[in-house]
Amino acid sequence: MNSKLRHNEVQLTYRLVGEDGHTSQLNRLDSSIREPSGCSAVAREGDREMLSTPLSRKDGETFYKTQLELMKQEKKTLQERLETVEKENRELKKSVHELTLAIENSAQGQVGGGYNTQFVFDIDAALDGDTNRIDHSAVNEPSGQEEIRFSCKINLEAHAGAVYCLAFSPCGRFLASGSFDKSVRVWKVENASDGPKVSIHGAHAASIVDLAWSSDSTLAYSGGYDKHVKEWDVASGRSTPLTTFSTSGLVQAVQISHSDNLIYVATTANTITWFDRRAPGGDEESAGVLKNDSNVNTIYLSNDNFTITSGDRLGFIKTWDLRKADTKPTSVTANGPERRPITYVHASPVLRDEDEGRLLAVNSYDNYLRVYSRGERLLGGFPSSMRVQHVLRGHQNRNWPIRSSFYCGKDYRPYRETTGWNSSNLNEADDFEFTTEEEVSDYKATNGINGSLLLSTGSVDGNAYLFDISGGSGTSKLIQALEGHQGRCYSVEFHPSEPLLASCSADSIVKLW
């Protein structure tokens, strides 16, 4: 110990005194520094003598221990100050966020045709001042939440072109992937390293853009830019489609009713078309059609089997009631101030005995992923408009169709937003929901990923981004950027019950995390 201290003293003295054993360089440096007023000549001489004195004249061990303690105390003080500032910043942002939403949500507008429209103000965009710039260091910086960390487990390589879409089967045993190479692959999750269970080459005459499954996980559906939706018998492994459904526009999205009888298709012909599998034909003349005023890029079918949510090229989120003869949407929401084209909409998983997921995630061409609260009508309350609950940043999708996916931990309990809550549900809610952020934080600290609600999204930079949205409005956190793809990460898909994430990319690879 003493020899090591002595070595350190010699090295420090060597640097201070100089190679030739003189203090001329140190004295020149000392004289170049402006001396504070009121400093006596005796004090200055004492300081010079102390600096030029070799450390061996001091008790080396005591000196180092003293310096270490001083540094520890300074670090602790700085950390406390930083935590205080961060807490104040969080509270300020939350207050501004909630106040802005309260003001904007109270303003109702009208769009042609008598639609009820709520124009949502993007607080993060307003604070940032530039929606074209992504500041990774200022907003949604990874929080370092160590209990939730994903790593790449396996690369699935079988496609010869960019992989655009993914879909886990409802049973969770299979993963389907669709590619620009016009093929569909079906992987058995438990032994995916063995290669695809089913490979359908030339499934379409053009790129495949969406996939869906029947409720029993035996049938898969693919939609392509060849204007067709095809039904595949995965259980038998047949490479020819059972049925082909034709549309007048390029297929953008495919959804299957929970009864498995109806197939809903979004197209570039400004339509939402649905086919009855039990009816002969398969062409658009025998199908039902909803007319929109722009390309329909994405659709989500609610569990009630008659409500469809769409996102379109003009940047509107629309709700359609298939039971009504009037084909106009029942509600329209402008997605952000720029109303950039929407690329994907989907709802969060259903909680407990509820009929619908509470949240709606919306990807769009503006580098934002917005999460809306879908309204108290989903919980048996009175109808209400959607409200922005989180605006997520960090990923990039300014000009590319990027998709996202929810994961709900098996023990997750939601945070109850106080605004707009129907009092008839209060007693039930108290047993299941949190009412303070402290409760949410403590619960997640104990339960980790099982007590969390996560949202992942692809990104043009090749990463998949993972956000924690377990808390109330404006409390989202970017907890991890999953790096590994060498091209645009088009889509991500969480397993229906396990914390397993699939991602696909322009690099032709599917990754499991």
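- Between Val345 and Thr298 the shortest heavy-atom distance is N-OG1, 3.2 Å.
- Annotation: side chain of Lys410 is not in contact with side chain of Tyr412 (no heavy-atom distance under 4.5 Å).
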| request: Assess whether side chain to side chain donor-acceptor pair (under 3.5 Å) is satisfied between Ser331 and Thr319, documenting all intermediate values. | output: CA-CA 5 Å; Ser331 68; Thr319 302; 3.1 Å; yes
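- Checked by atom type, the side-chain pair Trp320/Thr307 shows no donor-acceptor distance below 3.5 Å.
- The distance from atom OH of Tyr264 to atom OH of Tyr221, rounded to the nearest 0.5 Å, is 12.5 Å.
- Residues Arg393 and Tyr465 bring no donor and acceptor atom of their side chains to less than 3.5 Å of each other.
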| How far apart are the C-alpha atoms of Phe245 and His228, what are their side-chain angles, what is the distance that settles it, and do they pass the ring pair (Phe, Tyr, Trp, His ring centres under 6.0 Å) test? | CA-CA 6 Å; Phe245 305 91; His228 294 310; over 10 Å; no
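- At a threshold of 4.0 Å, the pair Asp194-Lys188 does not count as salt-bridged, since none of the basic side-chain nitrogens sits closer than that to a carboxylate oxygen.
- In this structure, Asn367 contributes its side chain and Asn397 its backbone to a donor-acceptor pair below 3.5 Å.
- Side chain of Thr268 to backbone of Gly249: no donor-acceptor contact under 3.5 angstrom is found.
- Looking only at atom types and distance, the side chain of Thr267 has a donor-acceptor partner in the side chain of Thr271 under 3.5 Å away.
- The closest side-chain donor-acceptor pair between Ser364 and Asn335 falls under 3.5 angstrom.
- Counted by atom type alone, Asn292 and Lys318 present one or more donor-acceptor pairs between their side chains at under 3.5 Å.
- Smallest separation of non-hydrogen atoms from Val362 and Leu369: O-CD1, 3.4 Å.
- Ser491 pairs in a side chain to side chain contact (heavy atoms under 4.5 Å, CB included) with only one of the listed residues (Ser503, Ser404, Cys504), which is Cys504.
- With His346 as the partner, the ring-ring contact (aromatic ring centres under 6.0 Å, His included) test is satisfied by one option alone out of Phe406, Tyr372, Tyr300: Phe406.
- Counting heavy atoms from C-beta outward, Asn295 and Asn270 have side chains that approach closer than 4.5 Å.
- Between Leu454 and Ile479 the shortest side-chain heavy-atom distance falls below 4.5 Å.
- For the pair Pro499 and Tyr407, the minimum side-chain heavy-atom distance is below 4.5 Å.
- Between the CD1 atom in Ile263 and the NZ atom in Lys230 there is a gap of 13.5 Å [rounded to 0.5 Å].
- Residues Ile449 and Phe150 have side chains in contact (heavy-atom distance under 4.5 Å, counting atoms from C-beta outward).
- Salt-bridge check for Glu190 with Arg173: failed, with every basic side-chain N at 4.0 Å or more from each acidic carboxylate O.
- Residues Asp366 and Arg398 approach most closely at CA-NH1, 3.5 Å, considering heavy atoms.
- Of all non-hydrogen atoms in Asn463 and Cys489, the two that sit nearest each other are O-CB, 3.6 Å.
- Between the side chains of Ser214 and Asp260, no donor-acceptor pair is found at a separation under 3.5 Å.
- Remark: the Ser473 side chain and the His390 side chain contain no N/O donor-acceptor pair separated by less than 3.5 Å.
- Not one N or O on the side chain of Arg413 forms a donor-acceptor pair closer than 3.5 Å with the backbone of Gly451.
- Counting only N and O atoms by type, the side chains of Ser183 and His159 include a donor and acceptor under 3.5 Å apart.
- Salt bridge annotation for Asp507-Lys511: absent, with no cationic side-chain nitrogen under 4.0 angstrom from a carboxylate oxygen.
- Ring-centre distance between His495 and Phe168: below the 6.0 Å cut-off.
- Ser215 and His258 form no side-chain donor-acceptor contact under 3.5 Å, judged by distance and modelled atom types alone.
- Between the side chains of Gln252 and Asn297, a donor-acceptor pair is found at a separation under 3.5 Å.
- Between Asp321 and Lys328 no salt bridge is recorded (no basic side-chain N to carboxylate O distance below 4.0 Å).
- Side-chain contact, Trp513 with Ser151: no donor N or O sits under 3.5 Å from an acceptor N or O.
- To the nearest 0.5 Å, atom CG of residue Asp233 and atom CZ of residue Arg238 are 6.5 Å apart.
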| field | Test side chain to side chain donor-acceptor pair (under 3.5 Å) applied to Ser199 and Arg185, step by step | value | CA-CA 5 Å; Ser199 293; Arg185 314 278 179 165; 3.1 Å; yes
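- Defined by atom type and a distance below 3.5 Å, a donor-acceptor pair is missing between the side-chain atoms of Asp304 and Ser302.
- Nearest approach of Gln389 to Gly471, heavy atoms of both residues: NE2-O, 4.0 Å.
- For Ser476 and Asp468, the side-chain atoms include no donor-acceptor pair closer than 3.5 Å.
- Nearest heavy atom pair, residue Ile272 against residue Ser310, reads CD1-CB, 4.0 Å.
- The side-chain heavy atoms of Ser169 and Leu175, taken from C-beta on, include no pair separated by under 4.5 Å.
- For the pair Leu314/Asp293, a side-chain contact is recorded, criterion being any heavy-atom separation below 4.5 Å from C-beta on.
- For the pair Asp312 and Arg339, the salt-bridge criterion is not met [side-chain N within less than 4.0 Å of a carboxylate O].
- In this view, Ser405 and Val492, Glu493, Phe494 satisfy the side chain to side chain contact (heavy atoms under 4.5 Å, CB included) rule, not counting sequence neighbours.
- Considering only heavy atoms from C-beta on, Leu359 comes within 4.5 Å of Ile469 through its side chain.
- Geometric assessment of Arg488 against the ring of Trp400 yields a positive cation-pi assignment under the 6.0 Å and 45° thresholds.
- Remark: Ile342 CD1 to Arg370 CZ distance equals 9.0 Å, nearest 0.5 Å.
- A cation-pi contact, defined as under 6.0 Å to the ring centre and within 45° of the axis, is absent between Arg340 and Tyr365.
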